[in-house]
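Structure record follows, encoded as structure tokens.
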2 protein chains.
Amino acid sequence: MDTFEYLVQELRDRNIRLSHQRLKILEYISNNRIHPTVDKIYSQLQKEIPTLSKTTVYNTLNTLAEAGLVKVLRIEENEARYDVDTKNHGHFKCEACGEVYDFHIDMDSLLCDGLEGFKVEEKDVYFKGLCPNCR
Amino acid sequence: MDTFEYLVQELRDRNIRLSHQRLKILEYISNNRIHPTVDKIYSQLQKEIPTLSKTTVYNTLNTLAEAGLVKVLRIEENEARYDVDTKNHGHFKCEACGEVYDFHIDMDSLLCDGLEGFKVEEKDVYFKGLCPNCR
DNA sequence: GTTCCTGCAAAAGCTTTGCAGAAGA
DNA sequence: TCTTCTGCAAAGCTTTTGCAGGAAC
């Protein structure tokens, strides 16, 4: 089962309605794993759905994030990016071209000190620098 | 030499003028290591400097960040926080009380895969969950 | 037939910009 | 004196909210 079908099933299970807009947004983020911004998703899908509004994109992504089906990335200073891959992994942002890359990370290997008594529920790792193309 | 004096010397070295407002902001963030927001810094210092404007707080923090003397934290969804400690360490945000805690971290222990050919210049680690008081 | 969703317009909140007067060196 | 900084007002951006019409079930 691919990601899109999995997400659709998850929506069904949670009684979240499968509107045309939601399905298209789900399809887009499943097939375009480029950590798109709201604006990117909106401008791409508007070609197919001319009546689409940015509000709906925001609403949908908030719904998906609350349901735990997408993860919100805050690697940009100003705008959010969205990731369908909710497994733990790192994000690298190239400061030259602005591209955001995934990389594998072993969270358990990370040695921390000073979190005794804390309940850690989420771990985000953001690296910045230059990607191979921009070096 | 304490942090405040060190920062003042750094400004002198870089020919950044030591205005009354800048010195007070430096003093505040040196003595209050609570990762304050612009609003926090502004409202606290306004008691001492009634004419202070938020624009100046923004200008100053941007200047300090460009000079590498403070680090901008983006652990909040909506607003930036500022940290005088520019050494590598992790930040934990309690999702109940909103407090941001520092913790020690050994970046070299972190096992990554897929960053061959990348030049990593900055590493940010953000954890979220519940702090001991809120559990 | 209900309930929930969409999309427009407006508002909210953080941050930046333009600029005249003030302060630092 | 010359340059830079301050602070007000206004603008710029992303994101949220209110609400009437429309779609999902």
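What you see below is based on every heavy atom in this structure, not just the backbone, and it leaves out hydrogens, waters and symmetry mates. Numbers restart at 1 for each chain; the letters A, B, ... are given by sequence-line order, proteins then strands.
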field: Mutual orientation of the aromatic rings belonging to H35(A) and H91(A) [parallel < 30°, tilted 30-60°, perpendicular > 60°]
entry: perpendicular
- request: If the plane angle is over 60° it's perpendicular, under 30° parallel, otherwise tilted; pick one for Y126(A) and Y126(B).
  value: perpendicular
When you check the phosphate oxygens OP1 and OP2 of [N], does a side-chain N or O of [X] lie under 4.0 Å from one of them?
X: Q21(B); N: dG24(C); answer: no
X: R22(B); N: dC5(D); answer: yes
X: Y58(B); N: dT16(C); answer: no
X: T56(A); N: dG7(C); answer: yes
X: N62(A); N: dT15(D); answer: no

Of the candidate nucleotides [options], which contains the atom at the shortest distance from the side chain of [X]?
X: S19(A); options: dC25(D), dC5(C), dT4(D); value: dC5(C)
X: A80(B); options: dT16(C), dT15(C), dT16(D); value: dT15(C)
X: E79(B); options: dA23(C), dT15(C), dT6(C); value: dT15(C)
X: T55(A); options: dG7(C), dC8(D), dT15(C); value: dG7(C)
X: H20(A); options: dG18(C), dA24(D), dA9(C); value: dA24(D)
X: R17(B); options: dT6(C), dT15(C), dG24(C); value: dG24(C)

Could you tell me how far apart [X] ([atom1]) and [N] ([atom2]) are, to the nearest whole angstrom?
X: I25(B); N: dC5(D); atom1: CD1; atom2: C1'; value: 11 Å
X: L45(B); N: dT6(D); atom1: CG; atom2: P; value: 13 Å
X: K40(A); N: dC13(D); atom1: NZ; atom2: C1'; value: 19 Å
X: L73(B); N: dC14(C); atom1: CG; atom2: P; value: 17 Å
X: L11(A); N: dC25(D); atom1: CG; atom2: P; value: 10 Å
X: Y42(B); N: dT15(C); atom1: OH; atom2: P; value: 15 Å
X: K54(B); N: dT17(C); atom1: NZ; atom2: C1'; value: 17 Å
X: I49(B); N: dC5(D); atom1: CD1; atom2: P; value: 16 Å

query: Is the count of non-hydrogen atoms from other residues, nucleotides or ligands lying under 6.0 Å from K119(A) atom NZ greater than 12?
result: no
- request: Could you tell me whether K40(A) atom NZ has more than 12 heavy atoms of other residues or ligands within 6.0 Å of it?
  value: no
task: Identify whether the distance between the nearest side-chain nitrogen and carboxylate oxygen of K71(B) and E122(B) falls below 4.0 Å.
output: yes
